[in-house]
Amino acid sequence: MKLTILYRGPLSSCNYACPYCPFAKHQETDEEHARDALALTKFIDFIQANRGIQFSVFFTPWGEALIRKRYQQALIMLTNLPHIEKIAIQTNGSCRFDWAKLCDRSKLGLWVTYHPGETSRASFLKRCEIMQKQGIRFSVGIVGLKEHFAEIENLRAELSPDVYLWINAFKRAQNYYAPAEVDFLAAIDPLFSMNNTRHQSLNFACRAGEAVISVDGDGVIRRCHFIKENLGNIYEENWQNALRSRLCSNETCGCHIGYVHLNHLNLYNVFEGGILERIPRNI
């Protein structure tokens, strides 16, 4: 049996303060960090105990996790387990990467976002060079705000050509992009138009809830981050009974970590081997 888990624990702090980011912006107390650490430890224990399942885990923290030693250690431990297929994490890439030397890097993937205004392009590119030298598999992304267009163009020009640069479409404003702007961004990210769409999903088949689940720090199972229905808990007996095929109950799906699992979009073929770290096969 194979199962992908999107894990999001209680962590809700970030060392960046991007104005366009929906993630929580507050400084956590020692007690809050302790709660997150306990939840993470319990989750890792669960993964270790279920060796009959081939897991892939995608950490999607509501903040920045890799500046925390506990998450670095989690990636080291998990990538070295024999029943792990892939461990990936979303990050702004601001951490040191010495810890990655202890990972099985064939199982490690990073989804790294560049945030202009929070770090310089030169500094970000230097970190990308470090990741490449260490043999870390990663993609790079940036939010497609119009004020970032020059940075997007320069980043693509200066980033190693074998690193995929994806652009997250800004969809909070309706009809945000003019046709020429869509063409400009699609010339940099050939999959931009796919992200710049809220895909029809109601009553469409999706791997979420069966082969892919969302799990929070308390172990609550949901089919994905965008459907709040409680399906069970991984820390209870017979938790696997929650895993079954379901049709999507949302009208549309506009986030990559959601729509990539919709069967009719066939994106598992596009991102073969790189679903979690957002690396397409032929780009």
Side-chain angles (χ1 to χ4, degrees), residues 16 18 20 56 58-60 64 66 75 79 85-101 103-170 177 179-197 255-257 259-260 265-283:
Y16 286 3
C18 309
Y20 49 80
S56 293
F58 187 20
F59 289 94
T60 60
E64 177 55 40
L66 278 186
L75 268 59
T79 59
E85 183 173 328
K86 176 69 66 65
I87 301 294
I89 190 168
Q90 293 177 324
T91 177
N92 60 30
S94 61
C95 66
R96 294 176 60 89
F97 291 100
D98 299 8
W99 54 270
K101 297 175 183 177
C103 291
D104 180 343
R105 278 159 283 180
S106 70
K107 299 179 181 180
L108 178 66
L110 302 186
W111 157 315
V112 188
T113 307
Y114 170 50
H115 298 284
E118 300 298 320
T119 187
S120 69
R121 186 169 70 252
S123 177
F124 181 83
L125 288 166
K126 182 64 177 177
R127 293 183 181 278
C128 291
E129 290 176 13
I130 292 170
M131 285 186 279
Q132 284 190 293
K133 288 178 180 177
Q134 291 205 19
I136 300 171
R137 180 175 164 85
F138 68 99
S139 68
V140 166
I142 185 170
V143 177
L145 292 172
K146 294 182 182 183
E147 58 264 36
H148 290 172
F149 277 17
E151 277 296 318
I152 292 170
E153 189 170 33
N154 290 331
L155 181 63
R156 178 65 279 173
E158 297 175 31
L159 189 64
S160 175
D162 58 352
V163 174
Y164 173 52
L165 174 62
W166 44 265
I167 301 168
N168 263 358
F170 189 74
Y177 301 106
E181 293 170 328
V182 171
D183 291 342
F184 166 75
L185 295 174
I188 295 171
D189 175 6
L191 297 175
F192 174 73
S193 294
M194 178 67 67
N195 186 256
N196 191 36
T197 302
C255 182
H256 174 87
I257 62 174
Y259 66 68
V260 74
L265 296 181
N266 295 315
L267 291 176
Y268 271 52
N269 292 328
V270 175
F271 288 91
E272 183 180 359
I275 292 288
L276 301 186
E277 63 269 47
R278 200 171 178 170
I279 300 177
R281 181 178 54 182
N282 295 321
I283 296 179

| request: On the 0 to 90° scale, with breaks at 30° and 60°, tag the Tyr114-Phe124 ring pair as parallel, tilted or perpendicular. | output: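 Judged by the thresholds at 30° and 60°, the geometry between Tyr114 and Phe124 is tilted.
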
For Trp166 and Trp111, take the angle between the two ring planes, folded into 0 to 90°, and tell me which bin it lands in: parallel under 30, tilted 30 to 60, perpendicular over 60.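 If you compare the ring of Trp166 with that of Trp111, the planes turn out tilted.
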
For the student: nearest non-hydrogen atoms of [X] and [Y], plus distance:
X      : Y      : result
Ala88  : Glu277 : CB-N, 4.3 Å
Lys107 : Thr79  : CD-O, 3.1 Å
Ile152 : Leu165 : O-CD2, 4.1 Å
Tyr164 : Arg278 : CD2-O, 3.2 Å
Asn92  : His115 : CB-CD2, 3.9 Å

Check your understanding: So does Arg96 have more than 12 non-hydrogen atoms from other groups sitting under 6.0 Å from CZ?
Key ->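 No, CZ of Arg96 has 12 or fewer neighbouring heavy atoms, counting only those of other groups under 6.0 Å.
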
| said: Under 3.5 Å, is there a donor on one side chain and an acceptor on the other for Ser160 and Gln132? | reply: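 Yes - a donor-acceptor pair under 3.5 Å links their side chains.
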
Could you tell me if the side chain of Leu66 sits less than 4.5 Å from the side chain of Trp99, heavy atoms only?
yes

**Study point:** Side chain proximity check, Phe149 to Leu185, heavy atoms < 4.5 angstrom
**Key:** yes

Centroid separation Phe97 to Phe138 less than 6.0 Å:
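Aromatic pair excluded; centres sit 6.0 Å or further apart.
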
Sub-6.0 Å ring centroid separation between Phe170 and His148: no

